[in-house]
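In what follows, a structure is listed as C-alpha cells, so that the remarks can point back to it.
Heavy atoms only: backbone and side chains are in, while hydrogens, waters and symmetry mates are out. Read the numbers this way: they start at 1 and go in the same order the structure lists the ligands and their atoms.
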Amino acid sequence: MTATSLAAIVTTDLTAITRGRFLPANRIAAAATGVGWVPANIALRADGHIVEDNIWGSSGDLRLLPDPDARYVTSRTGAPTPFDMTMGDIVELDGTPWSACARSQLRSALADFEAATGLRILASFEQEFQILGAEMAPAHVFSYQALRRAEPFAGRYFAALEEAGIAPEVIIAEYGEDQYEITSAPAEALTAADRCIAIREITREMCRLEGWQASFAPKTDAEGVGNGVHIHLSLVDTEGRPVSFDPEGPGRLSPVAGAFCAGILRHMRALLAFTASTPASFVRLRPHNWSSAWTWLGDRDREASLRICPTVEMNGKDPARQFNVEYRAADATANPYLALAALIRAGLDGVQSGAEPVVFSGDPEALSPEERAAKGLYRLPETLDAALEALKESETVRGWFPEPLITTFLGIKRDECLAAAGQSDAELCAGIAKVY
Ligand code: GLU
Ligand code: MG
C-alpha cells in the first residue's frame, strides 16, 4: 500500500507542545483559510489533561492558518513519507488573530518593536538535548567518538535539517550523558522561533526512527547536566545593518542594545515564567550549573543569565555583524514564541525608558547582598511558584499580553505546580524527561 504524503499545519501551545492537523501535502498550498481549531485546546497541560477551571469551555471555533513562508519539508529523516510541517497562526473565523495564539503575540511584539525603534530583531535558538534509550557504546563527553558512534546518524540529521531550510550550523557532543547541541544561523525572530520548533520535531522523529528518544527536558536526571535553550538576540536596522555593537560601550554594547538588555534584566524575575515554564526547570537554574541563577548581564560568562557573546576577529572578520547577547535562562518547556515575545517587550521597555546596563564580571556569590543589589544582581525565582508570583505581581509584564492568554497560562501552570508539590528533584526530572 502506498501512503499519502501528509502535511501538517501546527501550532505550539502554552506548554510548548506542538499540536496540529494533517492534510494531503498537495492540498496545503490551497488551504488558505486553514483548518478548524478548538479554543479549549489551549488549556491543555503537557500531560494531555485539560485544566478543569478554564475560561474556554466546550463552545467556539477557530481556524489554524498555515503561514506559507514557514513550511519545513525534508524527505531525509528516514521515515517512509516526508516530514512536512507548516507553522500556523490561530485566528477567529473572520481572520483576526486569536487572543491566546503565541505566534501571533510574537508577530505583534515584533511589529511594535519596529514601529517604536525602527529596528528589527535577529534571533537564533541554540538547543541541547539528550538521547535516551539508545544502546550506544559509551563515549567521552565532548568527544569525537560521541559524535561518530552512531554514524551515519549525525550526517543524516544535518542533511535533513539543511534540506528543511533550517540552516544548521554545528552539532556538538555536549557535557552531559548522551547530550548534544544543535545550533542554527541567526534569522528574523519569527523564523528563528519557527526553526526552533522544526528542529525539535525533526530531531524527535529521527531519534524515534532509531528506536531512541530525544529529550529536550531541562533536566532528565536531577544529578545530571541540564538541557538549555539559549536564545541569541541582536538588533539590526531596516536595511539589515547591525546596530548592537559599539566598541566603546559597556561590554561593547551600543546604547540601544545596552538599554534592551537592561530592560530584560529589569523584568527578568517575572519573565522567567515564560522562559523556564515547569517546576523541573528550576532544578536546572541553580548557581554553578552553567545555566543562570541571577539577573546578571555578563561579558562572555556562561553563568550569566544574559551573556554577551564573543566575536571572532581573525582574518579581518567584522565583529559588529557577529555581536549578539544570549539569554540563557530558557528551556524547551517554554513556548519559544511567547518567550521571545516577552523578551522583546522587556527589551522595548528598556529602550523606551533609556535603561542603563550594568555589566558584571565575577562570582555573584562572592558578594554581599548589598554589593549584589548595587550591581543589579538578584537571585532568580527558585521555583515555578515563585516565578508565577513574580509574574502576577508585575502588572507591566502581564499587560504585554491579552488577558485570556495570561489567565489560561496561569491556570495551566498553577495546576502543574500543584501536581509537582512534594516531589523530589529526582521525581520532577524523571517525570518530565519523557514529556519534552
Ligand atoms: N547545559 C548548560 C545549560 O543548561 C549549558 C552549557 C553551555 O554553555 O552550552 O544551559
Ligand atoms: Mg551548550
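Taking any N or O of His230, backbone or side chain, at least one lies under 3.5 Å from an N or O belonging to ligand 1. By the 3.5 Å distance cut-off applied to N or O atoms, Arg284 is counted among the residues near ligand 1. Residue-to-ligand polar distances keep Val225 apart from ligand 1: every N/O pair is separated by 3.5 Å or more. Note: an N/O pair closer than 3.5 Å links Arg328 and ligand 1 by distance alone.
Side-chain atoms of Thr311 and Glu313 form a donor-acceptor pair, as typed in the model, at a separation below 3.5 Å. The closest side-chain donor-acceptor pair between Glu371 and Ser368 falls under 3.5 angstrom.
Under a 4.0 Å criterion applied to the non-hydrogen atoms of Glu181, ligand 1 contributes the atoms 9 (O). Interface atoms of ligand 1 facing Trp290, defined by a heavy-atom separation under 4.0 Å, are 2 (C), 3 (C), 5 (C), 8 (O), 10 (O). Atom numbering of ligand 1 starts at 1 in the shown order; those under 4.0 Å from a heavy atom of Glu174 are 7 (C), 9 (O). Within ligand 1, the atoms closer than 4.0 Å to a non-hydrogen atom of Glu128 are 1 (N), 2 (C), 3 (C), 4 (O), 5 (C), 6 (C), 7 (C), 9 (O), 10 (O), numbered from 1 in the order shown.
Not one N or O on the side chain of Trp400 forms a donor-acceptor pair closer than 3.5 Å with the backbone of Ala342.
Aromatic ring pairs are classed by plane angle as parallel below 30°, tilted from 30° to 60° and perpendicular above 60°; the pair Tyr175 and Phe142 is parallel. In this pair, Phe274 and Phe409 present their aromatic rings tilted. The plane angle is within the 30 to 60° band.
Protein N/O/S atoms closer to the Mg ion (ligand 2) than 2.8 Å number 3 in this structure.
Among residues two or more places apart in sequence or in another chain, the side chain to side chain donor-acceptor pair (under 3.5 Å) test is passed with Thr238 by none.
For the pair Leu209 and Ala79, the tightest heavy-atom approach, listed with the atom from each and the gap, is CD1-N, 3.5 Å. Shortest non-hydrogen contact noted between Leu235 and Ser244 is N-OG, 2.9 Å.
Rounding to the nearest 0.5 Å gives a distance of 13.0 Å between OH of Tyr72 and CD of Glu201.
Electrostatic pairing of Glu326 and Arg328 counts as a salt bridge here, judged by a charged N lying under 4.0 Å from a carboxylate O.
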